[in-house]
Peer 1: 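Got a structure here, written out as structure tokens. Questions coming.
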Amino acid sequence: GYEGGGMQISGDGDIEMNITDCSFTENQAGYAGGALRVGRGGDLQLKMWTTEFINNSSDYEGGAVHVGGGLSFEGRMTEVRFDGNTTNYEGAAIELDAGGGGMLMLVDSWVLNNEATGPSGAIQLSDKDELFVINVDFGTDETANSPSDIANAGNTVTGLGNASNVTCPAIGECSLD
């Protein structure tokens, strides 16, 4: 599809969504959200566990996941794997552009081998959004993602540096390997 190659959620109003034990593999979107696109007004709470996004792509942004629109967003992704997702602009794994502001917590997860050809790499955030990483593996070889592939309104997220692997056992306690 044009938006949300695997799943699209749109409309207005508040929603709480839980995704558990899912695999989004080889989906493609002509615009945004190769696997999952959320574009709506209202408040969205997203909880995701033991889910994988493998080899998804979009032509513009959010190779695997794109969250955008006028919504307020709060999300937690635990044991989620983003591997081999691509986009022609930004946010190969995740593009978070919640017009009402957003917060994403990524816990015990993997962000590996994602590629964006535009200004950011694996994860792109707007200037209204926040990202917390706790025990997230970005990989260690030259094809892996690194914390420098996380961009907030075009700038690398403060405190993560340019390491190839970040381990964050608790918020604010990241170690760089």
Side-chain angles (χ1 to χ4, degrees), residues 1-10 15-40 44-69 71 73-98 102-118 120-126 129-141 143-151 157 164-166 168:
Y2 184 68
E3 294 181 339
M7 178 190 302
Q8 173 158 320
I9 300 163
S10 60
I15 190 169
E16 184 175 320
M17 183 168 67
N18 297 310
I19 298 174
T20 304
D21 297 323
C22 289
S23 179
F24 294 88
T25 304
E26 297 184 5
N27 295 287
Q28 202 279 329
Y31 178 69
L36 173 62
R37 163 78 162 97
V38 180
R40 51 182 294 112
L44 171 65
Q45 290 186 350
L46 171 65
K47 296 176 184 171
M48 189 178 298
W49 298 272
T50 57
T51 294
E52 62 183 10
F53 294 88
I54 309 294
N55 297 329
N56 298 286
S57 65
S58 72
D59 289 346
Y60 189 65
E61 57 193 4
V65 176
H66 181 270
V67 177
L71 68 124
F73 174 79
E74 182 178 314
R76 180 181 175 119
M77 297 179 177
T78 303
E79 295 184 10
V80 176
R81 181 178 196 89
F82 294 92
D83 196 344
N85 301 290
T86 61
T87 185
N88 292 329
Y89 190 59
E90 58 191 17
I94 302 168
E95 166 83 16
L96 180 55
D97 189 12
M103 186 281 296
L104 175 62
M105 186 176 291
L106 192 57
V107 180
D108 297 331
S109 295
W110 303 264
V111 181
L112 308 166
N113 308 308
N114 300 284
E115 183 178 355
T117 57
S120 75
I123 301 173
Q124 173 71 30
L125 311 170
S126 78
D129 301 317
E130 298 177 88
L131 173 68
F132 298 93
V133 291
I134 301 171
N135 196 29
V136 175
D137 185 354
F138 289 90
T140 57
D141 64 30
T143 62
N145 293 116
S146 71
S148 63
D149 285 330
I150 302 172
V157 172
S164 59
N165 192 358
V166 176
C168 302

Peer 1: Considering residues at least two apart in sequence or located in another chain, which fulfil the side-chain hydrogen bond (donor to acceptor under 3.5 Å, both in side chains) criterion with E52?
Peer 2: S23

Peer 1: Under the 3.5 angstrom rule, does the side chain of T117 hit a backbone N or O of N88 as a donor-acceptor pair?
Peer 2: yes

Peer 1: Determine the minimum heavy-atom distance between A29 and G5, stating which atoms define it.
Peer 2: CB-N, 3.9 Å

Peer 1: Nearest 0.5 Å please: distance from the SG atom of C22 over to the CE atom of M7.
Peer 2: 6.5 Å

Peer 1: Show every salt bridge (charged side-chain N to carboxylate O under 4.0 Å, His left out) that has at least one partner inside residues 30-39, sequence neighbours left out.
Peer 2: E3-R37

Peer 1: For a side-chain contact (heavy atoms from CB on, under 4.5 Å) with F53, tell me which candidate from N114, I94, V65 qualifies.
Peer 2: V65

Peer 1: Under 3.5 Å, is there a donor-acceptor pair linking the side chains of S58 and T87?
Peer 2: yes

Peer 1: Please name the pair of heavy atoms, one in V111 and one in A93, separated by the smallest distance, quoted to 0.1 Å.
Peer 2: CG1-CB, 4.4 Å

Peer 1: Would you mind reporting whether I123 and L106 have side-chain heavy atoms less than 4.5 Å apart?
Peer 2: yes

Peer 1: Which pair of heavy atoms, one from A35 and one from F24, lies closest together, and at what distance?
Peer 2: CB-CB, 3.6 Å

Peer 1: Considering non-hydrogen atoms only, spot the tightest contact between G63 and N85 and give its length.
Peer 2: C-CB, 4.4 Å

Peer 1: Rounded to the nearest 0.5 Å, how far apart are OG1 of T86 and CG of D59?
Peer 2: 9.0 Å

Peer 1: Can you name the one residue among N113, N56, N55 that meets side chain to side chain donor-acceptor pair (under 3.5 Å) with D83?
Peer 2: N113

Peer 1: How long is the gap from NE2 on H66 to OH on Y31, to the nearest 0.5 Å?
Peer 2: 6.0 Å

Peer 1: To the nearest 0.5 Å, what is the distance between CZ (R81) and OG1 (T50)?
Peer 2: 13.5 Å

Peer 1: Show every donor-acceptor pair shorter than 3.5 Å between a side-chain atom in residues 73-80 and any protein atom, with sequence neighbours excluded, or say none if there are none.
Peer 2:
residue : atom : partner : partner atom : Å
R76     : NE   : T78     : OG1          : 3.2

Peer 1: What distance do L36 atom CG and M17 atom CE have between them, rounded to the nearest 0.5 Å?
Peer 2: 5.5 Å

Peer 1: Would you call V107 and N135 a side-chain contact if the rule is heavy atoms closer than 4.5 Å?
Peer 2: no

